[in-house]
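The structure appears right after this line, and notes come after that.
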Amino acid sequence: MHPSQPSGLADTPPNPLYTVLAQIPVGRVITYGQLATLAGRPGAARWVGSQLRALPNDTQLPWHRVVAASGKISLPAGSDAAGKQRTRLEAEGIAFRNERIALAQYRWPRE
DNA sequence: TCTGTGACCGCGG
DNA sequence: ACCGCGGCCACAG
């Protein structure tokens, strides 16, 4: 941004999505829909996707713990981003089976 | 403005 | 288990 702007000012409220996402523990995953609900926007799963897409490449947020409700990785199949997500999840002890998360208990509990 | 396009979801059929 | 459909939200043309 331009230096005339008093950097990091709260003229734009923090995205609640990031707050929630930051609290997903290692070895657990959450779905786009659940994340939307927890962020105060039930039904807006697509919005979550667009927010994640906008994350900087070097973000500290655990974006890889967000998966589709079907248990599959939503990033384009074969892309390196998708491979990276799967690798990270497996490193956290999450098992895959035919391109989808194997066990339901890995998922973030329902409300 | 309107339309199309996604890191989506639930409900039916 | 797979599909189509309407609903959802932001963004590019």
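The chains referred to below are lettered A, B, ... by the order of the sequence lines, with proteins before strands, and numbering in each begins at 1.
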Round to the nearest Å and state the distance from A:L52 atom CG to C:dA10 atom C1'.
-> 13 Å
Please state how far atom NZ in A:K84 lies from atom P in B:dA7, giving the value in whole angstrom units.
-> 17 Å
Starting from P on C:dC3, measure out to NZ on A:K72 and report it in whole angstrom.
-> 9 Å
For DNA chain C, whose closest nucleotide is more 5', that of A:A45 or that of A:R53?
-> A:A45
Tell me whether the OP1 or OP2 atom of C:dG7 has a side-chain N or O from A:R41 closer than 4.0 Å.
-> no
Nearest whole angstrom, please: distance from the P of B:dA7 to the CG of A:L17.
-> 17 Å
Considering only atom P, compute the distance from C:dG7 to B:dA7 and round it to an integer number of Å.
-> 23 Å
Out of B:dC9, C:dA10, C:dC2, minimum distance to the side chain of A:R100 belongs to C:dC2
Roughly how far, to the nearest 0.5 Å, is the CG atom of A:L17 from the CH2 atom of A:W47?
-> 4.5 Å
Could you tell me the separation between the CD1 atom of A:I73 and the C1' atom of B:dG6, rounded to a whole number of Å?
-> 17 Å
For the side chain of A:A68, starting at C-beta, report the closest nucleotide among B:dC9, C:dC8, B:dA7.
-> B:dC9
Can you list the steps and then say if A:R86 with A:E99 is a side chain to side chain contact (heavy atoms under 4.5 Å, CB included)?
-> CA-CA 9 Å; A:R86 176 162 177 164; A:E99 309 307 304; 3.7 Å; yes
Which nucleotide in the list B:dA7, C:dA10, B:dG10 gets nearest to the side chain of A:A69?
-> B:dG10
Check whether any side-chain N or O of A:S74 sits under 4.0 Å from OP1 or OP2 of B:dC8, and answer yes or no.
-> yes
CD1 of A:I24 to CD of A:Q34, rounded to nearest 0.5 Å, is 8.5 Å
Charged N-O contact under 4.0 Å between A:R28 and A:E92 = no
At what distance, to the nearest 0.5 angstrom, does OH of A:Y106 lie from CD1 of A:I101?
-> 8.5 Å
Please state how far atom CG in A:L38 lies from atom P in B:dC9, giving the value in whole angstrom units.
-> 13 Å
Rounded to whole angstroms, how far apart are CZ on A:R46 and P on C:dC11?
-> 14 Å
Nearest-Å distance for atom pair CD/P, residues A:Q85 and B:dA7 | 12 Å
